[in-house]
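First up is the structure itself, then whatever we jot down about it.
These figures come from a predicted structure and were not determined experimentally. Atom set for the values below is all heavy atoms of this structure, side chains included, hydrogens, waters and symmetry mates excluded. Chain identifiers are assigned alphabetically (A, B, ...) following the order of the sequence lines, protein sequences preceding nucleic acid strands; residue numbering begins at 1 within each chain.
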There are 2 protein chains.
Amino acid sequence: MSLQHAILTALLEKPSSGLELARRFDRSIGYFWSATHQQIYRELGKLESAGLIRELPVSQPARGQRKAYEVLPAGRDELAAWVRRSEDPRPLRDPLGLRLRAAAMVGTEGLAAEVQRHLALHRKQLAEFEAIEARDFPADGSGDALQHLVLRGGIEMETFWIKWLTEAAERLPEG
Amino acid sequence: MSLQHAILTALLEKPSSGLELARRFDRSIGYFWSATHQQIYRELGKLESAGLIRELPVSQPARGQRKAYEVLPAGRDELAAWVRRSEDPRPLRDPLGLRLRAAAMVGTEGLAAEVQRHLALHRKQLAEFEAIEARDFPADGSGDALQHLVLRGGIEMETFWIKWLTEAAERLPEG
DNA sequence: CTCGCTTATGCAACTTGTTGCACAAGCGAG
DNA sequence: CTCGCTTGTGCAACAAGTTGCATAAGCGAG
């Protein structure tokens, strides 16, 4: 049910339409949970049926107006209860590690290039996170500490990938 | 399709029955991909239908004999092709990061304890990985380099979690 | 021997995530 | 104006992963 709670969090931060949510998931919220627009629309529908959110009434319903949603008290309660619940970490799922292992059986052809490609992707992501950190969390300690912590998680995760992939690149042939 | 390829890899390393596979997934292969026995049985069925694996013929089919599978040439080919394919990393999915963010909206009550619990889990996992490393990959450089690399990935991943969760513990109230 | 425990295999139903497409409205260029 | 492009919303089908249960065989204690 994590996706529903992610949506509730995002809507509490700021009432939004489906597409706005999808965009915000591509950025901040997405460090630890990604979602496509279809998933988001589906869950918005469920959340509305469940009485946890509602369409934000608009003063002048002009044509082409996008639907925006806001969180109802029941939604806030549910989110608060979820934060207090206990939930185990999900096991890691990454195909590249698997492919390295498979390569031990069937040969490493092409893997060095793939590792380089992943390295570039992770370096790019890290640069983006660091740019966000510099912009939103200056050294003076302004900005929300919890949100900064989450961003730090994203940064350290990417740092891990870069470190490990660099090791991998050194150990693979045909660099 | 990663699970099917994980199974092919495992069967190439050693022909096994469904439950043996499930156990091995809990350990080595599972660093980067986990699976329940139900998933494994289902995929074994599909792989067999697709002609990529077959039941290992046994000399004396005693009662209670467990079915074991071995990889056919077509299966090896498919695995080799997969290793050569290009595939993007999957986005991270972890509910705890999400909950920290949600806590910025609805309060951090109970989170410090949860962070401690996760810390303990990750420390335990790290200790297990390090024990395996000490056992299977002594300093003299014996042992398969690729498999060692994959294990290093698991170790560094857990190290990341511990570092980040420690940061989180320091920043959360009511420790 | 038989009762309960463990091991091994598997089905069915459900939830979650992905892919591909459909449709409508606004917008800008020709 | 109108054609094609982009934006926003959404359905349907599928693939992947999870949960709960059903079944059967071996095994060891009483």
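- Evaluation of the ring pair (Phe, Tyr, Trp, His ring centres under 6.0 Å) rule for Phe160(A) yields no partner, not counting sequence neighbours.
- Using a 4.0 Å cut-off between a side-chain N of Lys or Arg and a carboxylate O of Asp or Glu, Glu13(A) and Arg24(A) qualify as a salt bridge.
- With Thr159(A) contributing its side chain and Met157(A) its backbone, the two residues share no donor-acceptor pair below 3.5 Å.
- Summarising the geometry, the separation between CG on Leu21(B) and P on dT7(C) is reported as 17 Å, rounded to the nearest angstrom.
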Show, in sequence, the C-alpha distance, side-chain angles and deciding distance for Leu11(A) and Leu47(A), and conclude whether the side chain to side chain contact (heavy atoms under 4.5 Å, CB included) test is met. CA-CA 12 Å; Leu11(A) 288 181; Leu47(A) 286 167; 5.6 Å; no
Name the pairs: protein N/O against N/O of nucleotides 10-13 of chain D, kept only if under 3.5 Å.
unit_1	atom_1	unit_2	atom_2	d
dG10(D)	OP1	Lys67(A)	NZ	2.7
dG10(D)	O6	Gln38(A)	NE2	3.2

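- Using modelled atom types, no side-chain atom of Arg101(B) and backbone atom of Leu96(B) make a donor-acceptor pair closer than 3.5 Å.
- Between Ser17(A) and the phosphate of dT9(D), there is a side-chain N or O to OP1/OP2 separation shorter than 4.0 Å.
- Computed from coordinates, the Gln39(B) CD to dT16(C) P distance equals 15 Å when rounded to whole Å.
- Which of dT7(C), dT18(D), dG8(D) sits closest to the side chain of Arg23(B) comes down to dT7(C).
- We find that CD of Glu87(B) is positioned 16 Å from P of dA15(D), with the value rounded to whole Å.
- Rounded to whole Å, atom P of dT18(D) lies 10 Å from atom CH2 of Trp33(B).
- Of the candidates dG17(D), dT7(D), dT16(C), the closest approach to any side-chain atom of Leu19(A) belongs to dT7(D).
- To the nearest angstrom, P of dT16(C) lies 15 Å from CZ of Arg93(A).
- Using cut-offs of 30° and 60° for the angle between ring planes, the Phe129(A) and Tyr31(A) rings count as perpendicular.
- Separating the NE2 atom of His5(B) from the P atom of dA16(D) is a distance of 10 Å, rounded to the nearest angstrom.
- Look at CG on Asp94(B): it is 13 Å from P on dG17(C), rounded to the nearest Å.
- Per the geometry, CG belonging to Leu47(A) stands 15 Å off P belonging to dT15(C), to the nearest Å.
- Figure legend. dG30(C) is base-paired to dC1(D); pairs are counted as Watson-Crick or G-U wobble with both atom distances under 3.5 Å.
- Between the side chain of Arg54(B) and the main chain of Glu70(B), no donor-acceptor pair closer than 3.5 Å is present.
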